[in-house]
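All remarks here apply to the structure that follows.
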Amino acid sequence: MGLFDRLKAGLSKTRSQITNIVRIGGAVDDEFFEMLEEALIAADLGVDLIDRIFDDFRAEIKRKGIKNKNDAYTLLKEMLAEDLTVTKTMGEFPPKPWVILVVGINGVGKTTTIGKLAHELRQTGKRVMLGAADTFRAGAIEQLKIWADRTGSDFVAQHEGADAASVAFDSVEAAKKRGVDVLILDTAGRLHVKANLMNELEKILRVIKRNTPHAPNEILLVVDATTGQNAMKQAEAFNETVGLTGLVITKLDGTAKGGIAIAMTRRFNIPVRKIGIGEGIDDLQDFDPQAYVEAMLGDISCQ
Ligand SMILES: Nc1nc2c(ncn2[C@@H]2O[C@H](COP(=O)(O)OP(=O)(O)OP(=O)(O)O)[C@@H](O)[C@H]2O)c(=O)[nH]1
Ligand SMILES: [Mg+2]
């Protein structure tokens, strides 16, 4: 399977729901809107957001004089893709080291995403370093070390229970000394509602900034697509604490909930940088809004 086919396969549940709706064909009617709305709810766009999207959608249909389902469906896809297109782009790594801080709640796929990202960067010839600032979970350091070995990345760690901010500091120092292009810092999974854990993250950020004013260049929140609407709460809390610059949505291979990409981008105006579509080293993709919406909603013709 090609990469795009895998994305499509990952989102096939959502797509087949909507495909069935549009295949019925004919003129746009209330039933058509209701069924599309239901499909988007199943995709986890969130009821409030869907209401707003459909207000705009209905207004556009009227304005453009659209009569049939196929044209309306194409219009909806265009509108959703537009929502996903946030203009800020990822940097070109000019200041060395380019520091990426990876945050999120437990088990969403932070460490795996770091491994995949390191692999991708290594393939473009970058010197990469992984910093083990998850000192909390047993086995976390070893897990990151395995990814460093697999990808030929440098590795900095202390020991389980060490101060995470101190590891972050060591990593930035080492990255500078060794002329590393990209330093990626792993952090412990933390519940967004636990104030003390969020404070620790703030401290990590402070230490990095004090050491290297241009850093971190990216603060990526990793969210698990299968958690649905709770991802919005996570994004809100992490954004407030550390100020997110990008999102990574993982586990899109196992869910019909692709809609959270749209919900989060629209709500926070933060771009989706990468999507995770499996556990393998190559299962990380750039986020292409058009391709994503096509994969989510399908591209069938339904006159
Ligand atoms: N199917 C699928 N599984 C994934 C994906 N990304 C990560 N996983 C799996 O999710 C599980 C948790 O991944 P980790 O990378 O350890 O998650 P984490 O956020 O670092 O977890 P903590 O460090 O415990 O907070 C692992 O079994 C991964 O293989 C993905 O895109 N698709
Ligand atoms: Mg981890």
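The shown structure was predicted, so the numbers you read here are calculated from the model rather than taken from an experiment. First listed ligand is number 1; within each ligand, the first listed atom is number 1.
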Let me see the working for I53 and R266 under side-chain contact (heavy atoms from CB on, under 4.5 Å), right down to the final yes or no. CA-CA 10 Å; I53 289 172; R266 186 156 168 153; 3.6 Å; yes
What protein heavy atom sits nearest atom 17 (O) of ligand 1, and how far off is it? G109 N, 3.0 Å
Which atoms of ligand 1 are found less than 4.0 Å from any heavy atom of G276? 31 (O)
Which protein non-hydrogen atom lies closest to atom 6 (N) of ligand 1, naming both residue and atom, and how far is it? K116 NZ, 3.9 Å
At less than 2.8 Å, would any N/O/S atom of Q143, backbone or side chain, sit next to the Mg ion (ligand 2)? no
In the protein, which heavy atom is nearest to atom 20 (O) of ligand 1, and how far is it? T111 OG1, 2.8 Å
Proximity to ligand 1 by part of I277, non-hydrogen separation under 4.0 Å: backbone
Looking only at distances, please establish whether an N/O atom of ligand 1 is found under 3.5 Å from an N/O atom of T187. no
Nitrogen or oxygen of K110 less than 3.5 angstrom from that of ligand 1: yes
Of D283, V102, T112, which has the heavy atom at the shortest distance from atom 14 (P) of ligand 1? T112
For the residue pair K176 / T212, report whether a side-chain donor-acceptor contact shorter than 3.5 Å exists. yes
Minimum non-hydrogen distance to atom 1 (N) of ligand 1, winning option of I275, V248, D253: D253
Full working for salt bridge (Lys or Arg N to Asp or Glu O under 4.0 Å) between K203 and D163: CA-CA 10 Å; K203 186 177 163 198; D163 177 25; 3.2 Å; yes
Would you call the rings of F57 and F33 parallel, tilted or perpendicular, where under 30° means parallel and over 60° means perpendicular? perpendicular
Enter the distance from F287:CZ to L252:CG here, rounded to the nearest 0.5 Å. 9.0 Å
Would you call R127-D154 a salt bridge at under 4.0 Å N-O? yes
Report yes or no: does T124 contribute a side-chain atom to a donor-acceptor pair with the main-chain N or O of L121 at less than 3.5 Å? yes
Number the atoms of ligand 1 from 1 as they appear, then name those within less than 4.0 Å of a heavy atom of G189, with their elements. 25 (O)
Look only at the side chain of R122 and the backbone of G152, and say whether a donor-acceptor pair between them is shorter than 3.5 Å. yes
Sub-3.5 Å donor-acceptor pair from the side chain of R273 to the main-chain atoms of V248, do we have one? no
Is R137 paired with E160 through a side-chain N to carboxylate O contact shorter than 4.0 Å? no
Any Lys/Arg nitrogen of D149 or K145 sitting under 4.0 Å from an Asp/Glu carboxylate oxygen of the other? yes
Can you tell me which residue and heavy atom of the protein come closest to atom 11 (C) of ligand 1, and the distance to 0.1 Å? K251 NZ, 4.0 Å
Answer side chain, backbone, both or neither: which part of K274 comes under 4.0 Å from ligand 1, heavy atoms only. neither
Okay, side chain of K77, backbone of V293: is any donor-acceptor separation there less than 3.5 Å? no
Below 4.0 Å from ligand 1: does a non-hydrogen atom of Q143 turn up there or not? yes
At what distance is the nearest protein heavy atom to atom 3 (N) of ligand 1, and which residue and atom is it? E279 CG, 3.2 Å
Any donor-acceptor N/O pair, N217 side chain to V99 backbone, under 3.5 Å: yes
Please determine if G107 has a nitrogen or oxygen closer than 3.5 Å to a nitrogen or oxygen of ligand 1. yes
N or O pair under 3.5 Å between R137 and ligand 1: yes
Counting from 1 in the order shown, the ligand 1 atoms closer than 4.0 Å to a non-hydrogen atom of D134 are 23 (O)
N or O pair under 3.5 Å between L252 and ligand 1: no
Closest to atom 30 (C) of ligand 1 among protein heavy atoms sits G278 O, 3.2 Å
Atoms in ligand 1 with a heavy atom of N106 nearer than 4.0 Å: 25 (O)
